**Q** 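Got a structure for you, written out below as structure tokens; questions coming shortly.
Just the heavy atoms: all of them, side chains too, but no hydrogens, waters or symmetry mates, feed the values below. The chains referred to below are lettered A, B, ... by the order of the sequence lines, with proteins before strands, and numbering in each begins at 1. All values derive from a computational prediction rather than experimental measurement.
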Number of protein chains: 2
Amino acid sequence: MDGSKPDRRVRRTRRALQDALIALILEKGYEAVTVQDILDRADVGRSTFYAHFLDKEALLTSQFENLQADFEQHWAQGGHGVGLLAFSLPMFLHAQRYQRVYRAVVGKHSGQLIHQHLESYLMAHVQRQFEQENVGKPVGDIPRDLLAHHIVSSFMSLLIWWLEHGLPHPAERMADLYQRLMRGGVGDLP
Amino acid sequence: MDGSKPDRRVRRTRRALQDALIALILEKGYEAVTVQDILDRADVGRSTFYAHFLDKEALLTSQFENLQADFEQHWAQGGHGVGLLAFSLPMFLHAQRYQRVYRAVVGKHSGQLIHQHLESYLMAHVQRQFEQENVGKPVGDIPRDLLAHHIVSSFMSLLIWWLEHGLPHPAERMADLYQRLMRGGVGDLP
DNA sequence: CTCACTATAGAACACCATGTTCGGAAACGC
DNA sequence: GCGTTTCCGAACATGGTGTTCTATAGTGAG
């Protein structure tokens with residue numbers, strides 16, 4: 001790793017651009033945000049932008065990677081439970097703490113690319129858990145890959161719902177609701 | 001309703017544009033498709049396009065409305081079961097029959113707007129069912145709106161998964177898997 | 001503090017996609 | 001056939017993208 005901090009100007013510029021993007025996404029949605037908008041809001045020259053990021057999408061991706069790195073730090077400190085669904089509480093907590101960035105990056109206003117990133121990130125986690133804990137223990141007659149996909153996409157839609165509705169419940173409750181839903185929340189219906 | 005068919009040229013043009021859009025979405029994804037691409041593929045003049053549709057999105061929406069109208073015709077003929085999840089089999093069957101259009105319009109390659117349309121369409125259905133069949137019958141301590149959202153978004157992600165993986169199972173199996181998942185497919189996990 | 005280095009501003013540029021307009025040609029349905 | 005509607009094609013204004021260049025200003029090391 002390169003421990004030496006980059007030039008102060010670089011930090012200032014990148015920070016300004018990232019903040020501007022977040023604010024603009026929350027205002028008009030990712031697709032509608034133009035590079036010119038970001039430039040004006042961040043008060044940064046055009047050439048400077050392209051010196052740092054390949055395009056608008058790369059800027060968004062960098063934000064996602066920030067979140068991901070920070071989350072993994074929390075995760076590595078342990079304290080979470082074990083099992084297939086154990087990732088949910090830490091991630092709800094993380095989203096609660098950084099709700100503004102999450103709303104912009106993960107929420108409805110964001111682009112599809114980030115959703116795909118998040119999906120494959122979680123999918124990799126779930127697949128790993130499957131291999132570790134659950135060897136040769138079939139779940140009903142539901143195919144493994146489909147079940148994994150369901151676990152991940154249900155979590156993501158729940159997370160987005162939560163963010164879009166202004167976090168109406170605490171993270172702990174959301175994790176509990178998620179696990180109930182996955183274990184059969186619709187069990188007593190025809 | 002206006003039973004009289006429109007001018008043959010109109011039918012030809014609209015058909016050509018719609019077909020071109022579908023083909024192009026399947027090739028490069030909705031976002032990457034340009035109006036110029038559609039014009040070239042459909043062999044239609046630029047001004048003609050804008051005489052029929054407001055923009056690229058309106059063209060896609062018209063496709064979705066075609067599907068929706070056709071599905072509702074099937075649905076109105078009855079034969080499907082009752083209950084909250086009864087919509088799933090007819091819709092899987094419908095998607096199976098028109099898989100090419102579904103892949104383009106509903107699948108991963110499409111835009112977000114269509115997903116929102118489909119979501120609110122299904123959501124309205126589920127909410128209606130809730131009011132009819134389920135008055136005052138709480139489901140665990142899971143809030144109604146969250147449960148409805150989970151039912152709908154799980155179905156959609158399952159449908160998309162199915163389409164993107166080339167319909168690996170018949171529609172009947174998918175409907176069955178869906179209902180198992182909703183009733184607790186992950187029940188025996190820690 | 002000085003100085004070599006590096007990032008930034010700002011403007012100019014080519015490129016491409018969008019959406020509008022208009023007159024003449026062609027296809028339509030009756 | 002004939003009046004009507006639609007289509008074509010080209011031109012045009014607009015606005016966003018990404019590149020390049022030079023002068024300027026900020027930075028960190030010594």
**Q** Starting at the 5' end of nucleotides 13-22 of chain D, put B wherever the base has a protein heavy atom under 4.0 Å, S where only the sugar-phosphate does, and a dash everywhere else.
**A** ---SBBBBB-
**Q** Sequence neighbours excluded, which residues qualify as side-chain hydrogen bond (donor to acceptor under 3.5 Å, both in side chains) partners of A:R8?
**A**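 Result, side-chain hydrogen bond (donor to acceptor under 3.5 Å, both in side chains) vs A:R8: none returned.
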**Q** Should the ring pair A:Y178 and A:F87 be called parallel, tilted or perpendicular, given that the plane angle runs from 0 to 90° and is split at 30 and 60?
**A** perpendicular
**Q** Under the rule for salt bridge (Lys or Arg N to Asp or Glu O under 4.0 Å), what residues qualify as partners of B:D145, not counting sequence neighbours?
**A**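 Here no residue qualifies.
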**Q** Please enumerate all residues that pass salt bridge (Lys or Arg N to Asp or Glu O under 4.0 Å) together with A:D70, with sequence neighbours excluded.
**A**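 Counting only residues at least two positions away or on another chain, A:D70 forms no salt bridge (Lys or Arg N to Asp or Glu O under 4.0 Å).
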**Q** Kindly write out the residues that satisfy ring pair (Phe, Tyr, Trp, His ring centres under 6.0 Å) with A:H80, not counting sequence neighbours, or none if the list is empty.
**A**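 With neighbours one apart ignored, the set is A:W75.
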**Q** Are there any protein N/O atoms within less than 3.5 Å of an N/O atom in nucleotides 28-30 of chain D, and if so, which ones and at what distance?
**A**
none

**Q** Is there a side-chain contact between A:H52 and the phosphate of C:dA7, meaning an N or O under 4.0 Å from OP1 or OP2?
**A**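 No, because none of the side-chain N or O atoms of A:H52 sits under 4.0 Å from OP1 or OP2 of C:dA7.
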**Q** In whole Å, what is the span from the CG atom of A:L39 to the P atom of C:dG10?
**A** 11 Å
**Q** Each residue besides B:L113 in its hydrophobic cluster should be listed here, by chain and number; the cluster joins Ile, Leu, Val, Met, Phe, Trp and Tyr at side-chain heavy-atom distances under 4.5 Å.
**A**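 Besides B:L113, the cluster holds no residue at all.
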**Q** Taking DNA chain D as the partner, which of residues 17-27 of chain B come within under 4.0 angstrom of it by heavy atom?
**A**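 Nothing qualifies; none.
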**Q** Given atom CG of B:D40 and atom C1' of C:dA17, what is their separation to the nearest angstrom?
**A** 12 Å
**Q** Only one of A:L118, A:T61, A:L21, A:I114 passes side chain to side chain contact (heavy atoms under 4.5 Å, CB included) with A:V105; say which it is.
**A** A:I114
**Q** Whole Å only: how far is the CZ atom of A:R12 from the P atom of D:dG26?
**A**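 Atom CZ in A:R12 sits about 11 Å away from atom P in D:dG26.
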**Q** In degrees, rounded to 10°, what is the bend between the two ends of the helix from C:dC1-D:dG30 to C:dC30-D:dG1, using five pairs at each?
**A**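 End-to-end axis angle for the helix from C:dC1-D:dG30 to C:dC30-D:dG1: 40°, rounded to 10°.
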**Q** Which pairs count as ring pair (Phe, Tyr, Trp, His ring centres under 6.0 Å) when at least one residue sits in residues 13-68 of chain A, sequence neighbours excluded?
**A**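 Matches after skipping sequence neighbours: A:F64-A:H117.
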**Q** Just to verify, what does A:D55 make a side-chain hydrogen bond (donor to acceptor under 3.5 Å, both in side chains) with, not counting sequence neighbours?
**A** none
**Q** For the residue pair A:W162 and A:F92, does the interplanar ring angle fall in the parallel (under 30°), tilted (30 to 60°) or perpendicular (over 60°) class?
**A**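 Judged by the thresholds at 30° and 60°, the geometry between A:W162 and A:F92 is perpendicular.
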**Q** Would you say A:T48 reaches C:dA7's phosphate, i.e. side-chain N/O to OP1/OP2 under 4.0 Å?
**A** no
**Q** For B:S154, is there any backbone N or O sitting under 3.5 Å from a side-chain donor or acceptor partner on B:S157?
**A** yes
**Q** Please list, chain by chain and in numerical order, all residues satisfying ring pair (Phe, Tyr, Trp, His ring centres under 6.0 Å) with B:Y98, sequence neighbours excluded.
**A** B:H94
**Q** For residues A:E164 and A:G107, report the shortest heavy-atom separation together with the two atoms involved.
**A**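 Heavy-atom minimum between the residues: OE2-CA, 3.5 Å.
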